[in-house]
Each structure stands twice: as structure tokens, then as C-alpha cells.
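Below you'll find the structure, written out as C-alpha cells, and then a few comments.
Treat the numbers as computed from the prediction; the structure is a model and nothing was measured. No hydrogens, no waters, no symmetry mates; every other heavy atom, side chains included, goes into these values.
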Amino acid sequence: VKIMATLPKTVKNDENSHDGGEEQKADKEQQEAIEQIDEVQNEIDRLNEQASEEILKVEQKYNQLRQPHFSKRSNLIAKIPNFWVTAFVNHPQVSALLSEDDEEALQFLSKVEVQEFEDIKSGYKINFHFEENPYFDNKSICKEFHLNDTGEPSSKSTNIEWKPGRDLTGKANQAVKAGKKRSHEEGESFFSWFLDHGDAGADELGEVIKDDIWPNPLQYYLASEIDEEPAEWREDDEDEEEVEDEDEAEEEEAEEDA
């Protein structure tokens, strides 16, 4: 009885030994596959790094090639009054930041320039050039964005020399002191952006100006005209429909009289 009882156990052990060998073999194959995948992935990463370096060189090359065209475009834009304030007002994200006072001050904005640093990856600066105006003495205001060797972002900007009683950012500060909730409709100023250096890595306005408006500001300058055209077409269509309806009504009346 004891022998019979141990036989199944012995057989079971043999089966376990067989299964264990298969599992070890499978584990070994999986481990080898993982190591090979890791080697292939390292090759892919090296290629990606090489591609990034090549792409950066191409970007640097074409950034230089674009400069004469940017200069020519700026000279042409200077011939159009209120070009930049119109482009800003027509941009949905920027317009949300503009108060009436901001729009009046930006009427004196004559030129905007986005200058990427030579290596491109370390940052950029945005220059705003102004004509003589009743708000501040600065001829130009600049905000710069920097990325250091460790990848930490930072920003700095020109100190705005406000004329007495004209500080648009001061209105926002007064609203805060008075206990009012700050909002874009209540005391917020576009020029407060030049004082905001809290999170340079997530500066949406800087990115919008650099990546969206600067590449093609004309599309935003013309945006209001483009939006108006379909409305005009709709009015023309409505007029034509009214004329057609009147003609049909007259024909029906004529048929009834006949």
C-alpha cells in the first residue's frame, strides 16, 4: 500500500521535473529575447539621437535662411497701420488677454520680432517695438526665454517705464488690493505678462506668439475680413431668395387671376 501510494508521487515529481525544465527553457528564451530587444532599442535610441542632431542642424540652417524674408516682411508690415494690434485682436487666445486699455496701448505697436537664439534649443526672445505713446517711455519691450544646460527654463523681460498714472499693470494690482477677483475682464492686462516669470516652461502666450502668430501674422490680420465675407455672401443669397419668392408669388397671383 505504501509503494502504491508513493508511485503517483514519484510520477508526479517526474512530471514536475519535466515541466520545470520546459519553464526554465521558456524563461531563458524570454530573457534572451528581452536582452536582444534591449540591444535593438539602444540602436533605435542612438539613431533617434543622431536624427535629433541632424534635424537641429537643418533647423539652424533654415532659421538663418528665413531671416532676410522676416526682415522684408517687417518692412512691408510697417506700411500697414495697426497691423499687429489687429492680428492680436483677431487671435482667439491673445484677444482673451486684451483689455480695452491694452488695445489702445497696442495701437502704438509698430513692430514685433521673434528671435531664436543661434543654437535654437537654448531659447528665444520676443521684441515689441513701439512708437512714441502716452503710456510708457520705452521704445521697445522684450521678453526672453532661456533653457539652461540642465533643461531648466527661465525668463526675463524689460522693465516697463510707465508714465505717471498710466501703469496698466497697476490697475490689476489695485484690483487685488481691493479684494476683487482678478479676471481678464476685470483689471487683467496684457502687459502683466512681462512681469510673469513664475513658470517659464509653460508660458502659453510666448509660445502662441512664437509658434502660431509669428510664422504667418497675415492670416490673423486678415481673419476679420475672411470671417465677414461668408456673412456677406449669406446676405446676397438671402436677397436672391427673397426676389425669387416675390417672383413666384406674383406668378401665382397672375395664374389665379387668369
Side-chain angles (χ1 to χ4, degrees), residues 55-99 101-147 155-163 166 168-169 189-197 200 203-228:
I55 291 170
L56 182 59
K57 290 178 182 177
V58 172
E59 289 180 348
Q60 291 170 341
K61 173 185 175 182
Y62 282 92
N63 184 50
Q64 292 298 319
L65 291 174
R66 282 191 290 263
Q67 296 311 310
H69 298 283
F70 285 147
S71 296
K72 182 178 181 180
R73 187 182 70 183
S74 292
N75 292 335
L76 293 170
I77 286 175
K79 299 178 180 180
I80 304 175
N82 299 325
F83 179 93
W84 285 107
V85 66
T86 303
F88 285 173
V89 168
N90 287 341
H91 192 284
Q93 289 173 269
V94 178
S95 63
L97 304 175
L98 301 178
S99 67
D101 289 335
D102 290 332
E103 290 185 26
E104 290 182 12
L106 290 173
Q107 298 282 337
F108 299 92
L109 178 61
S110 58
K111 185 178 181 181
V112 174
E113 291 177 305
V114 175
Q115 296 178 330
E116 292 186 279
F117 298 148
E118 189 172 352
D119 63 354
I120 292 181
K121 62 182 181 180
S122 65
Y124 62 96
K125 63 180 179 179
I126 306 175
N127 297 314
F128 300 80
H129 299 272
F130 290 86
E131 298 171 353
E132 186 174 348
N133 64 82
Y135 292 92
F136 43 78
D137 294 325
N138 306 70
K139 298 301 181 185
S140 63
I141 303 173
C142 173
K143 187 165 185 178
E144 298 184 18
F145 298 87
H146 296 266
L147 202 64
S155 65
K156 63 180 182 179
S157 59
T158 305
N159 180 47
I160 302 177
E161 301 171 0
W162 295 100
K163 293 183 178 181
R166 287 293 194 166
L168 300 182
T169 63
S189 172
F190 169 83
F191 293 93
S192 298
W193 173 65
F194 292 96
L195 305 175
D196 184 5
H197 304 291
D203 194 304
E204 293 183 7
L205 180 54
E207 292 175 359
V208 164
I209 294 173
K210 180 176 78 75
D211 297 329
D212 194 9
I213 297 178
W214 175 248
N216 186 5
L218 183 62
Q219 66 177 326
Y220 292 106
Y221 176 79
L222 297 175
S224 59
E225 296 181 11
I226 294 172
D227 291 340
E228 289 172 2

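- Heavy atoms of other residues, nucleotides or ligands lying less than 6.0 angstrom from NZ of Lys139 number more than 12.
- Between Glu144 and Phe117 the shortest side-chain heavy-atom distance falls below 4.5 Å.
- To the nearest 0.5 Å, the span separating CG on Leu109 from CG on Asn82 amounts to 9.5 Å.
- Screening Ile126, Asp196, Val94 for a side-chain contact (heavy atoms from CB on, under 4.5 Å) with Leu205, the sole residue that qualifies is Val94.
- The line from NZ of Lys143 to CG of Asn127 is 13.5 Å long, rounded to the nearest 0.5 Å.
- Side-chain contact check for Ser110 and His129: no donor-acceptor pair (N or O, by modelled atom type) lies under 3.5 Å.
- Side chain to side chain, Tyr135 and Asp101 fail the donor-acceptor criterion of an N or O pair below 3.5 Å.
- For the pair Trp162 and Thr169, the minimum side-chain heavy-atom distance is below 4.5 Å.
- Distance OG/Ser71 to CZ/Arg66: 13.0 Å, rounded to 0.5 Å.
- Scanning all heavy atoms of the two residues, the minimum distance from Ala105 to Phe130 falls at O-CE2, 4.0 Å.
- The CZ atom of Phe128 sits 4.5 Å away from the CZ atom of Phe190 when rounded to the nearest 0.5 Å.
- Summarising the geometry of Glu132 relative to Phe108, their closest heavy-atom pair is O-CD2, 3.5 Å, with the distance given to 0.1 Å.
- Ring-plane geometry between Phe83 and Tyr221 is classed as parallel, the angle between the planes falling under 30 degrees on a 0 to 90 degree scale with a further cut at 60.
- By the neighbour-count criterion of 12 heavy atoms within 6.0 Å, atom CD of Glu207 is densely surrounded, having more than that number from other residues, nucleotides or ligands.
- Atoms CH2 and CZ, from Trp214 and Arg73 in turn, are 5.0 Å apart once rounded to the nearest 0.5 Å.
- For Gln60 and Asp119, the side-chain atoms include no donor-acceptor pair closer than 3.5 Å.
- Note: Phe88 and Trp84 have tilted aromatic rings, judged against thresholds of 30 and 60 degrees for the angle between ring planes.
- Side-chain atoms of Lys163 come within 3.5 Å of backbone atoms of Asn133 as a donor-acceptor pair (strictly under, hydrogens ignored).
- Thr86 has its side chain out of reach of Tyr220: every pair of non-hydrogen atoms, C-beta onward, lies at least 4.5 Å apart.
- By the 4.5 Å heavy-atom criterion applied to side chains, Ser155 and Asp203 are not counted as neighbours.
- Under the 4.5 Å side-chain criterion, counting only non-hydrogen atoms from C-beta, Phe136 is not in contact with Asn159.
- Ring geometry for Trp193 versus Phe145: interplanar angle of 30 to 60°, hence tilted.
- Of the possible donor and acceptor atoms, one in the side chain of Thr158 sits under 3.5 Å from a partner among the backbone N and O of Cys142.
- Minimum interatomic distance between Ser95 and Val89 (heavy atoms only, all atoms of both residues): CB-O, 3.1 Å.
- In this structure, NE2 on His197 lies 3.5 Å from OG on Ser157, to the nearest 0.5 angstrom.
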